[in-house]
Amino acid sequence: MTTSTPLSAADFHLQQLRPLLGGTITNLARTGVDEYGDEFFGLVITLPNGQKRTLIFLADDEGNGPGSFQLDSQG
């Protein structure tokens, strides 16, 4: 029998972002206004293999409205 510690919410989200490592932000993204009057925004990331992924910022996991972000400098 193996026991494992459940992932924290932060661990889960970092695991979801891991495939983007090594990618380059190549564009900005917006979704256009949805039926609720919300417009979402994010980043287009081009991976080393050429595949493009779009990262959209959400207010919560259900996608209830656009979110916000914080941009910090590293050093």
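Starting from 1, each residue takes its place in the sequence as its number.
In this structure, Thr54 contributes its side chain and Val44 its backbone to no donor-acceptor pair below 3.5 Å.
Phe41 and Phe57 have tilted rings, their planes meeting at an angle from 30° to 60° on a 0 to 90° scale.
Arg53 is listed as a side-chain neighbour of Leu47, based on a closest heavy-atom distance under 4.5 Å. Within the 4.5 Å cutoff, side-chain heavy atoms of Leu7 are placed close to those of Gln15.
Residue Leu58 places its CG atom among more than 12 non-hydrogen atoms of other residues, nucleotides or ligands, all under 6.0 Å distant. Taking a 6.0 Å sphere around CD of Glu35, one finds it holds more than 12 heavy atoms contributed by other residues, nucleotides or ligands.
Atom CG of Leu20 is separated from atom CG of Leu55 by 6.5 Å, given to the nearest 0.5 angstrom. With values rounded to the nearest 0.5 angstrom, Asn49 atom CG is found 5.5 Å from Gln51 atom CD. Between Asp72 atom CG and Gln70 atom CD the span is 4.5 Å, to the nearest 0.5 Å. In this structure, NZ in Lys52 is found 3.5 Å from OG1 in Thr46, a value given to the nearest 0.5 Å.
Ala29 and Ile56 get closest at one heavy-atom pair: CB-CD1, 4.3 Å. Pro48 and Gly22 get closest at one heavy-atom pair: CG-O, 3.5 Å.
Under a hydrophobic-cluster definition in which Ile, Leu, Val, Met, Phe, Trp and Tyr are linked whenever side-chain heavy atoms come within less than 4.5 Å, directly or via other members, Leu17 and Leu43 are assigned to the same cluster.
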